[in-house]
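What you see below is based on every heavy atom in this structure, not just the backbone, and it leaves out hydrogens, waters and symmetry mates.
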Amino acid sequence: MGKNEEKEYIKRTIKSHKGKMNAAILLKWMIRGLSAGLVAALFILIIAFLTPFYYANLIAVILIAAGFTAGLTVGMLKRINDRKAALDIDSHGLHERVVTAFEAIDKDEDIYRLQRSDAVKRMKAKEGSIRVRLLPRPRAICILTLLLTAVIVSVLLPSKTKTEAMNIHIARKEAEKAIDDVDDLIEELKNTKEDLGNKLSKEEQKKIDDMISSLEKSRDELKNADNMDKVDAAKDKLDFKYNDIENKLSDMSNAKQKLDDDPESAERMKEAAEKAAEEREKLKENGSTTEGNSGQPGQEGNTGGEGSTGQEGNTGGEGSTGGEGNTGGEGNTGGEGSTGGEGNTGGEGSTGGEGNTGSTGQGGSTGQGGSTEEGGGTEEGGGSGRGEGSSNVSHDYISIPGDKDSRIDGKDGEGGSSDYGSTKNGPAWEGEHVPYEEVISEYEKSAYEGIESGKYPPGMEDIIREYFGNLVED
């Protein structure tokens, strides 16, 4: 082997050995770093089993990636050079022949040439035993495998705490959306107050301040909500407040327009009212649990179908047709007039009074409760005509159908029917006339008892108290 061939052989051997050693070092530190990251991730995942921690999985992944990156970085920094690779080759029984030959690789004196020839001869003799362990020790691999398995099991294993953490996270996300909208409306109200300045009376300024204060309380309530029940309760109250603010601002705008003759202020308040309405719509779109506390939609009237056919009289008259539903009529009466049953002598039936019931009997004379009789006749059919009672008549009493012990807790009764006749102002049910204040006090008492017994959803107590407080003021 020539001298150049000996030099190339030494260089090539050292370079190959160095590459293998650097790969082994890099792999070793990557496994160490990854193992360290898995230990940290496992610690976080164990905490997630003990306390709600929604971001545990994300943090675990970050820790694993950080450990791997740290190991990779250390492995790159720990790379060896050619001299260290030569010394490692010498450690296989070559007694520094390789490192000496490498350091004098460019020298051509006889002594160095002889030394290189000896080093090459010994290297070839030991070529089969000079190996680099690429994989770390089996113990390190076993530890890594166990840690990785534990982390995967911890991530996939379900638990009540994880479910709770998920629910809390969802609730907070929903609350954050509502909080942003609340902040927008608060800012709008502050800007409105600032823009109008001295144009606002002290009473109007106080109303706007009260609106802002009320919204800030809702914002704090949303921030403290840690489950969907609390978020929904806060949204219910917020929906009520949005509606109330919209109405108050609209009233203030109308007052500025009509009473104060200040169209600019009226327009600015109208813009704020529209902002409140916009935020209320957003709240509904984001999953508000109610359509609003301003009132539940009314039930459809109890329609009478085609009408109940009357029993035949002694002379066999046709039956009277039933009225349409309670909701179908105009004013107080609502239903179409019902015709009276046939008389015992076979008359055509008494006709209802004009006005509220508006029915006329076939062939009979009309009048206030009057009746006509014609022997042997049959009733040709039900009365016609729609009542036109007035809905503007004010009363200071309430007529409770049946008896005074009727249920007032908002639940359906046990069934049955309520008989009613007609009066000057519309249909009047049989029952007892009760003063308005007495009925309201019973409702109020029942509502407060429901609050104390936990009957109502969380967060509705303030709304109920405010409702009855407004009734008392009115």
Side-chain angles (χ1 to χ4, degrees), residues 1-45 58-152:
M1 181 179 289
K3 62 179 181 180
N4 290 332
E5 292 178 350
E6 290 177 346
K7 290 180 180 181
E8 291 299 323
Y9 178 79
I10 292 173
K11 289 180 180 179
R12 186 171 63 251
T13 302
I14 292 175
K15 183 178 181 180
S16 176
H17 193 79
K18 181 182 71 172
K20 294 177 181 178
M21 288 187 67
N22 284 335
I25 291 171
L26 185 62
L27 185 59
K28 178 183 73 175
W29 281 102
M30 285 170 58
I31 290 177
R32 287 182 178 180
L34 186 58
S35 297
L38 288 170
V39 170
L42 187 59
F43 178 75
I44 295 297
L45 293 172
L58 177 61
I59 294 176
V61 171
I62 293 174
L63 290 173
I64 293 172
F68 178 81
T69 303
L72 181 65
T73 302
V74 173
M76 296 292 290
L77 295 175
K78 292 285 185 179
R79 288 181 302 175
I80 63 171
N81 54 24
D82 292 336
R83 187 175 186 281
K84 288 186 177 180
L87 287 172
D88 188 75
I89 295 173
D90 284 332
S91 66
H92 292 82
L94 297 178
H95 305 291
E96 297 188 359
R97 285 183 173 86
V98 178
V99 69
T100 302
F102 176 74
E103 289 176 345
I105 197 74
D106 295 327
K107 297 179 180 180
D108 292 327
E109 286 82 355
D110 292 340
I111 185 65
Y112 296 116
R113 190 168 60 250
L114 291 173
Q115 195 275 332
R116 280 198 297 271
S117 298
D118 179 62
V120 169
K121 182 180 178 180
R122 293 299 182 94
M123 287 169 67
K124 287 185 176 182
K126 294 278 189 179
E127 197 170 32
S129 62
I130 300 174
R131 293 284 184 271
V132 176
R133 182 191 293 272
L134 289 175
L135 294 177
R137 297 180 181 277
R139 183 177 64 181
I141 297 176
C142 183
I143 292 173
L144 176 65
T145 303
L146 291 174
L147 288 172
L148 184 59
T149 302
V151 167
I152 292 174

According to side chain to side chain donor-acceptor pair (under 3.5 Å), who are the partners of Lys28, at least two apart in sequence or on a separate chain?
none
Partners meeting salt bridge (charged side-chain N to carboxylate O under 4.0 Å, His left out) with Arg83 (sequence neighbours left out)
Glu103
With sequence neighbours left out, write down each residue that passes salt bridge (charged side-chain N to carboxylate O under 4.0 Å, His left out) with Arg32, or none if nothing qualifies.
none
Considering all heavy atoms, the nearest [X]-[Y] contact:
X      : Y      : answer
Ala24  : Val132 : CB-CG1, 4.2 Å
Glu96  : Asp90  : CA-OD2, 2.9 Å
Ala140 : Ile31  : O-CG2, 4.3 Å
Ala86  : Val99  : CB-CA, 3.8 Å
Ala41  : Leu63  : N-CD1, 4.0 Å
Leu27  : Pro136 : CD2-CD, 4.0 Å

Can you measure from [atom1] ([X]) to [atom2] ([Y]) and round to the nearest 0.5 angstrom?
X      : Y      : atom1 : atom2 : result
Lys124 : Ile130 : NZ    : CD1   : 12.5 Å
Leu147 : Ile152 : CG    : CD1   : 11.0 Å
Glu5   : Ile10  : CD    : CD1   : 12.0 Å
Gln115 : Thr100 : CD    : OG1   : 5.0 Å
Thr149 : Leu144 : OG1   : CG    : 9.0 Å
Ile14  : Leu87  : CD1   : CG    : 9.0 Å

Using the side-chain hydrogen bond (donor to acceptor under 3.5 Å, both in side chains) rule, collect all pairs that involve residues 14-25, keeping only residues at least two apart or in two chains.
His17-Asp88, Lys18-Asp82
Atom pairs and distances, donor-acceptor, side-chain atoms in residues 65-73, under 3.5 Å, two or more places apart:
from	atom 1	to	atom 2	distance (Å)
Thr69	OG1	Ala65	O	2.8
Thr73	OG1	Thr69	O	2.8

Taking only residues at least two apart or on different chains, which pairs with a member in residues 111-121 satisfy salt bridge (Lys or Arg N to Asp or Glu O under 4.0 Å)?
Arg97-Asp118, Asp108-Arg116, Asp110-Arg113
Considering only heavy atoms from C-beta outward, does the side chain of Lys84 approach that of Asn81 to under 4.5 Å?
yes
Just wondering, do Trp29 and Ile25 contact through their side chains at under 4.5 Å, heavy atoms?
yes
Check whether any side-chain N or O of Arg79 sits under 3.5 Å from a backbone N or O of Met76 as a donor-acceptor pair, and report yes or no.
yes
For a side chain to side chain contact (heavy atoms under 4.5 Å, CB included) check, start with the C-alpha distance between Leu42 and Leu38, then their side-chain angles and the critical distance, and finish with the verdict.
CA-CA 6 Å; Leu42 187 59; Leu38 288 170; over 6 Å; no
